[in-house]
Protein chains: 2
Amino acid sequence: MAVTDEAIEKIKGMIVSGALRPGDRLPKESELAADLGLSRNSLREAVRALSLIRILDVRQGDGTYVTSLDPQLLLEAMSFVVDFHRDDTVLEFLAVRRILEPAATAMAALRISEQQLDALTAQLDKLGEAPSVEDLVACDLEFHRGIVQSSGNSVLCSLLDGLSGPTTRARIWRGLTQEDAVGRTLREHRAILAALRDRDAEAARSWATVHIASVEQWLRSTL
Amino acid sequence: MAVTDEAIEKIKGMIVSGALRPGDRLPKESELAADLGLSRNSLREAVRALSLIRILDVRQGDGTYVTSLDPQLLLEAMSFVVDFHRDDTVLEFLAVRRILEPAATAMAALRISEQQLDALTAQLDKLGEAPSVEDLVACDLEFHRGIVQSSGNSVLCSLLDGLSGPTTRARIWRGLTQEDAVGRTLREHRAILAALRDRDAEAARSWATVHIASVEQWLRSTL
DNA sequence: TGACGTGATACGTCGGAGGTCTTAAGCGAC
DNA sequence: GTCGCTTAAGACCTCCGACGTATCACGTCA
């Protein structure tokens, strides 16, 4: 195994074992390199790799720190990965989202606060009747994120956040080509919100399923 | 933005735009560094980072290649990330798995082949009545992986693979073996398999839910 | 024709030299 | 005494050049 890969494993080990805790500062590059028995250049490769996936936070002029290791932060790296997938795998991502999002919406129906409900309502009202496609997509993303956050599971939230990347692309495409998609999306959002207000988990789940399935169906028919 | 980060973005852009396709070979380090306008050392940091998340495949003495970019390969990097999470977030990961795995099992019930069913049966038979903990854990992992693969969704499969990481699984099982969990697990596996044979998606989904919920319940009571 | 050796090629590792940014201590003015 | 600026130290950023090591392809020889 290359010395850089060894260094990655060793740093990982230090964190997993608890020798390095979230927020801790690492020894400076030259010291850490000496400790691990490799050159500063090779160590930097290891640190850079761990930095890309948000394990380490490198601050020039200051030092290198272990991040909070929040699920949100680490899974955020997933969206970077998802970007590499081409359209032919979008359907598979969408299928996973079709499983997770209704479940998250149902969970949210039992936990969401009145305050959050009002915020979602205001958000939908602000958009108006005939928004631009860009505004609609941005709003859609925000709407679903708000709901999923209310599910109370940060892992689930981050996962869906990452999965929404390709879906978003598809939805832009759809909005540009399918005439009634805008109005339909707005109506479905209202329906989901109403189900949440009613604390009706099953209705919320069903509307979320319908919402995603409509995108999926359209995508399947055009690919 | 640092030159290395720029290089990461540029290489990512070349792949996403299609200038570099899966399997393609990159220019050699010195040339690529010159093209992107940075030193070979800094470029290597970028390549190493992309290599960690399985975007690039570096072969000493040969060259650097774009990987297949299969969802399986890229999401495999997630298990690396999951390893960093502490016990207090295991429940959240388990909750997500509780959503995905029953759905995957239900999907599998409609698609799994007779051949795969026989393979799963043989696998359970081989384990016997009183297996060792190591064998049980390995078998459990393999059993679920086999089912999820039959769902036909590689993204879903990779995702669950990452969530069921060896670390998480091992931690859970370590304490679980004290109870009657072994026999219970074996019985539940048999039940899931029977549902699959009957092509009964709902029964398969329910058994899978029960299977995971029992682990979740135990974990919640002990943490 | 096939096995072997050798050279070319490309990645792996290293040490050192400046450069840039952040932080905090030192210092003077209000 | 407090605030703001200057300055110096510390740490990461980038680069260069050199050498080590693994792989592949070509040519040689049996």
Side-chain angles (χ1 to χ4, degrees), chain A residues 1-15 19-69 73 77 80, chain B residues 1-15 19-69 73-74 76-77 80:
Chain A
M1 183 187 283
V3 292
T4 300
D5 295 314
E6 280 182 36
I8 292 177
E9 287 301 321
K10 285 178 182 172
I11 295 174
K12 176 181 177 181
M14 285 191 281
I15 296 175
L20 284 175
R21 304 179 59 79
D24 278 1
R25 177 178 178 164
L26 274 68
K28 65 179 177 182
E29 287 182 348
S30 56
E31 282 182 13
L32 186 55
D35 288 346
L36 299 182
L38 43 67
S39 74
R40 225 189 102 237
N41 263 326
S42 299
L43 172 67
R44 276 185 57 80
E45 290 184 19
V47 170
R48 173 72 66 173
L50 291 172
S51 163
L52 179 67
I53 58 175
R54 306 291 203 280
I55 301 294
L56 298 180
D57 180 21
V58 183
R59 307 175 201 162
Q60 181 180 170
D62 185 358
T64 303
Y65 300 81
V66 179
T67 66
S68 63
L69 297 182
L73 201 59
F80 184 91
Chain B
M1 184 187 285
V3 291
T4 300
D5 294 314
E6 279 182 37
I8 291 177
E9 286 302 319
K10 285 178 182 173
I11 295 174
K12 175 181 177 180
M14 287 191 280
I15 296 175
L20 283 175
R21 303 179 60 78
D24 278 1
R25 176 179 178 164
L26 274 68
K28 64 179 179 183
E29 287 181 347
S30 57
E31 283 181 13
L32 187 55
D35 289 345
L36 299 182
L38 41 65
S39 73
R40 194 177 148 234
N41 260 329
S42 298
L43 172 67
R44 277 184 58 80
E45 290 183 18
V47 171
R48 172 71 66 176
L50 291 173
S51 163
L52 179 66
I53 59 175
R54 307 290 205 280
I55 301 295
L56 298 180
D57 180 22
V58 184
R59 307 175 201 163
Q60 180 179 173
D62 185 357
T64 303
Y65 299 81
V66 180
T67 66
S68 63
L69 297 180
L73 201 59
L74 299 192
E76 182 184 300
F80 185 92

From CD1 (Ile15(B)) to CG (Asp24(B)), nearest 0.5 Å:
9.0 Å

Measuring from atom OG1 of Thr64(B) to atom CG of Leu56(B), what distance do you get when rounded to the nearest 0.5 angstrom?
7.0 Å

So Thr4(A) and Arg48(B), side-chain contact (heavy atoms from CB on, under 4.5 Å) or not? Walk me through it.
CA-CA 9 Å; Thr4(A) 300; Arg48(B) 172 71 66 176; 3.4 Å; yes

Any ion pair linking Asp5(B) and Lys12(B) (charged N to carboxylate O, less than 4.0 Å)?
no

Measure from CG on Asp57(A) to P on dC12(D) and round the result to the nearest Å.
12 Å

Does Ser51(B) use its side chain to pair, donor to acceptor, with the backbone of Asp57(B) at less than 3.5 Å?
no

Quick tally for nucleotides 8-18 of chain C: nucleotides whose base has a protein heavy atom under 4.0 Å get B, sugar-phosphate-only ones S, the rest -, giving -BBBBBBBBB-

